[in-house]
Amino acid sequence: MKGKAIIGVTLGDPAGIGPEVFARVLDHASTKCEIVVYGTRWALELGAKIAGVSPNAGYRLVDVGIDKPADFKLGVVSPVCGRIAVESVEAAAADALDGQIDAMMTCPLNKEAIHAAGYSDIGHQEILARLTGVETTATMLMTPGLRVVHLSTHKSLIEAGEYVTRDNVLEKIDLCHRTLTRWGLDRVKIAVAALNPHGGEGGLLGREEIDAIGPAVDVAKERGIDARGPLPADSVFNRAIEGEFDVVLAMYHDQGHIAIKVHNFHESVTATLGIPFVRTSVDHGTAFDIAGRGVADSRGTNAALNAAVMLAQGAFSKVV
């Protein structure tokens with residue numbers, strides 16, 4: 001990659017806080033990368049007005065060409081806004097696959113809105129898997145001092161427990177190792193969290209550690225991967241914060257998300273593993289309850305943009 005990284009930014013749902021928080025970041029983004037914005041001009045201009053800023057000319061806009069709906073209201077679910085959000089991701093992903101941009105950074109979309117627009121995708125990860133044709137993806141949350149990959153994300157708690165199988169755990173360990181190595185981290189140290197309290201207490205509190213997680217870790221070690229576990233979830237995240245591990249593989253959505261957001265919510269970002277290009281995101285939603293009030297925090301947006309630049313340059317160790 002020559003010169004500055006080219007980062008494609010999707011504005012997310014226009015009725016949410018995405019355009020606002022990105023407008024705040026846009027003014028100084030050109031000092032670290034080249035920006036291509038995917039969305040609509042009217043949404044970006046509205047976001048800038050709410051944020052009280054005037055975006056500079058240091059970006060290129062790819063307008064998906066969808067007019068502002070007549071009944072548009074900030075903070076209200078709209079199928080048109082859902083369509084804008086998805087079409088923006090589709091346009092950016094196409095350019096990423098074609099090598100026109102070096103990485104994607106996405107602002108939040110609203111699941112209810114994209115379903116109202118007729119899409120069956122649950123969120124960004126599922127949209128990107130569909131667009132790239134990959135079968136295995138994973139969410140990695142990053143905040144200063146802690147990185148967590150999730151075995152599963154958008155599943156009910158019961159379904160998440162059923163998803164903890166030897167093959168699924170091994171697949172995600174391998175995905176963590178391959179992706180972080182590709183992003184420039186040497187000798188990736190992976191901690192694998194237990195599912196049950198106290199690591200299952202030798203089978204007294206559940207057998208997933210014995211039947212699934214432990215065997216997956218053993219096979220990973222045989223493959224030369226530095227994986228350790230299953231480790232009790234009530235201590236593994238603190239051990240990672242203290243520097244013992246590079247990343248923790250959590251067994252379900254809230255097990256990992258709670259640890260990240262308690263540790264440092266405002267600077268947490270998401271990256272998608274398994275797709276053939278870099279994609280980072282803010283680690284918050286559309287925040288319809290505060291949309292339009294001009295009070296949305298842009299620290300996560302700035303962190304997600306910085307992460308996209310670092311990953312595009314193969315400098316994972318500098319991300320957080």
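In this text the structure is predicted, and so the values were computed from the model without any measurement.
Side-chain atoms of T165 and N168 include a donor-acceptor pair closer than 3.5 Å. T143 and E267 are not linked by any side-chain donor-acceptor pair at a separation below 3.5 angstrom, with hydrogens and angles left out of the test.
Annotation: side chain of D283 is in contact with side chain of K261 (closest heavy-atom distance under 4.5 Å). Looking at heavy atoms from C-beta onward, D246 lies in side-chain contact with L185 at the 4.5 angstrom threshold. Side-chain contact between L180 and V247 is present, with at least one heavy-atom pair separated by less than 4.5 Å. In this structure the side chain of D167 never reaches within 4.5 angstrom of the side chain of E171, judged on heavy atoms. V169 has its side chain within reach of M251: a pair of non-hydrogen atoms, C-beta onward, lies under 4.5 Å apart. With a 4.5 Å cut-off on side-chain heavy atoms, I35 and V9 count as touching. Annotation: side chain of V309 is in contact with side chain of I7 (closest heavy-atom distance under 4.5 Å). Between R166 and V219, some side-chain heavy-atom pair lies under the 4.5 Å cut-off.
Shortest non-hydrogen contact noted between D13 and P19 is O-CD, 3.8 Å. L231 and A191 make their closest contact through CD1-CB, 4.1 Å (heavy atoms, listed as atom of the first residue, atom of the second, distance). The nearest pair of heavy atoms linking G274 to T179 is N-OG1, 4.3 Å. The minimum heavy-atom distance linking Y163 with L151 is given by the pair CE2-O, 3.4 Å. Pairing each heavy atom of N196 with each of G206, the nearest pair is ND2-CA, 3.6 Å. Across every non-hydrogen atom of T181 and H177, the tightest pair is OG1-O, 2.7 Å.
Residues I258 and F265 fall into different hydrophobic clusters, defined by Ile, Leu, Val, Met, Phe, Trp and Tyr side chains chained together at heavy-atom separations under 4.5 Å. Taking hydrophobic clusters as Ile, Leu, Val, Met, Phe, Trp and Tyr residues chained together by side-chain heavy-atom distances below 4.5 Å, I66 shares a cluster with L46. Transitive grouping of hydrophobic side chains (ILVMFWY, heavy atoms separated by less than 4.5 Å) keeps V188 and L170 in distinct clusters. No chain of hydrophobic side-chain contacts below 4.5 Å, direct or via other Ile, Leu, Val, Met, Phe, Trp or Tyr residues, connects I17 to Y38. In this structure, V80 is not a member of the same hydrophobic cluster as L44, with clusters built from ILVMFWY side-chain heavy atoms closer than 4.5 Å.
A donor-acceptor pair under 3.5 Å links the side-chain atoms of H115 to the main chain of D121, judged by distance alone. Put simply, the side chain of T286 never gets that close to the backbone of N110: no donor and acceptor are under 3.5 Å apart. Using modelled atom types, no side-chain atom of D102 and backbone atom of A312 make a donor-acceptor pair closer than 3.5 Å.
Taking the ring centre of Y252 as origin, the terminal cationic atom of K155 falls outside the region bounded by 6.0 Å and 45° from the ring axis.
Between D226 and R228, at least one side-chain N (NZ, or NE/NH1/NH2) sits under 4.0 Å from a carboxylate O, which counts as a salt bridge. Under 4.0 Å is where a charged nitrogen must lie from a carboxylate oxygen, and between E244 and R239 at least one such pair does. Ion pair K111/E126 not flagged as a salt bridge, since none of the NZ, NE, NH1 or NH2 atoms sits closer than 4.0 Å to an Asp/Glu carboxylate oxygen.
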Pair V282-V21, side chain to side chain contact (heavy atoms under 4.5 Å, CB included): steps then yes or no:
CA-CA 10 Å; V282 295; V21 291; 5.5 Å; no

Test V248 against F237 for side chain to side chain contact (heavy atoms under 4.5 Å, CB included), laying out the working first.
CA-CA 7 Å; V248 178; F237 298 104; 3.7 Å; yes

Apply the test side chain to side chain contact (heavy atoms under 4.5 Å, CB included) to residues I225 and I173: give CA-CA distance (whole Å), side-chain angles for both, the deciding distance (0.1 Å), then the verdict.
CA-CA 8 Å; I225 298 173; I173 293 173; 4.0 Å; yes

For a side chain to side chain contact (heavy atoms under 4.5 Å, CB included) check, start with the C-alpha distance between V76 and F288, then their side-chain angles and the critical distance, and finish with the verdict.
CA-CA 7 Å; V76 176; F288 277 179; 6.0 Å; no

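Heavy-atom neighbours of D186 CG from other residues, nucleotides or ligands within 6.0 Å: at or below the threshold of 12. Applying the 6.0 Å contact sphere to CD of E112 captures no more than 12 heavy atoms from other residues, nucleotides or ligands. Within 6.0 Å of atom NZ in K49, 12 or fewer heavy atoms from other residues, nucleotides or ligands are found, so the atom counts as exposed in its surroundings.
Interatomic distance, OG of S78 versus NZ of K68, reported as 11.5 Å (0.5 Å rounding). Here K32 contributes atom NZ and M310 contributes atom CE; the two are 9.0 Å apart, rounded to the nearest 0.5 Å. Note that OH of Y119 is 11.0 Å distant from CG of L109, once rounded to the nearest 0.5 Å. Interatomic distance, CG of N264 versus CD1 of I241, reported as 10.0 Å (0.5 Å rounding). Note that the NZ atom of K172 and the CG atom of L249 stand 8.0 Å from one another [nearest 0.5 Å]. Expressed to the nearest 0.5 Å, how far CD of Q255 lies from CG of L195 amounts to 7.0 Å.
Every residue two or more places apart in sequence or in another chain that forms a ring-ring contact (aromatic ring centres under 6.0 Å, His included) with H150 is listed here: H257.
Listed by first then second residue, pairs satisfying side chain to side chain donor-acceptor pair (under 3.5 Å) with a partner in residues 210-225 read R207-D211, not counting sequence neighbours.
Considering T272, T106, T10 in turn, T106 is the only one that fulfils the side-chain hydrogen bond (donor to acceptor under 3.5 Å, both in side chains) rule with S281. When E20, H266, R24 are each tested for a side chain to side chain contact (heavy atoms under 4.5 Å, CB included) with S298, only one passes: R24.
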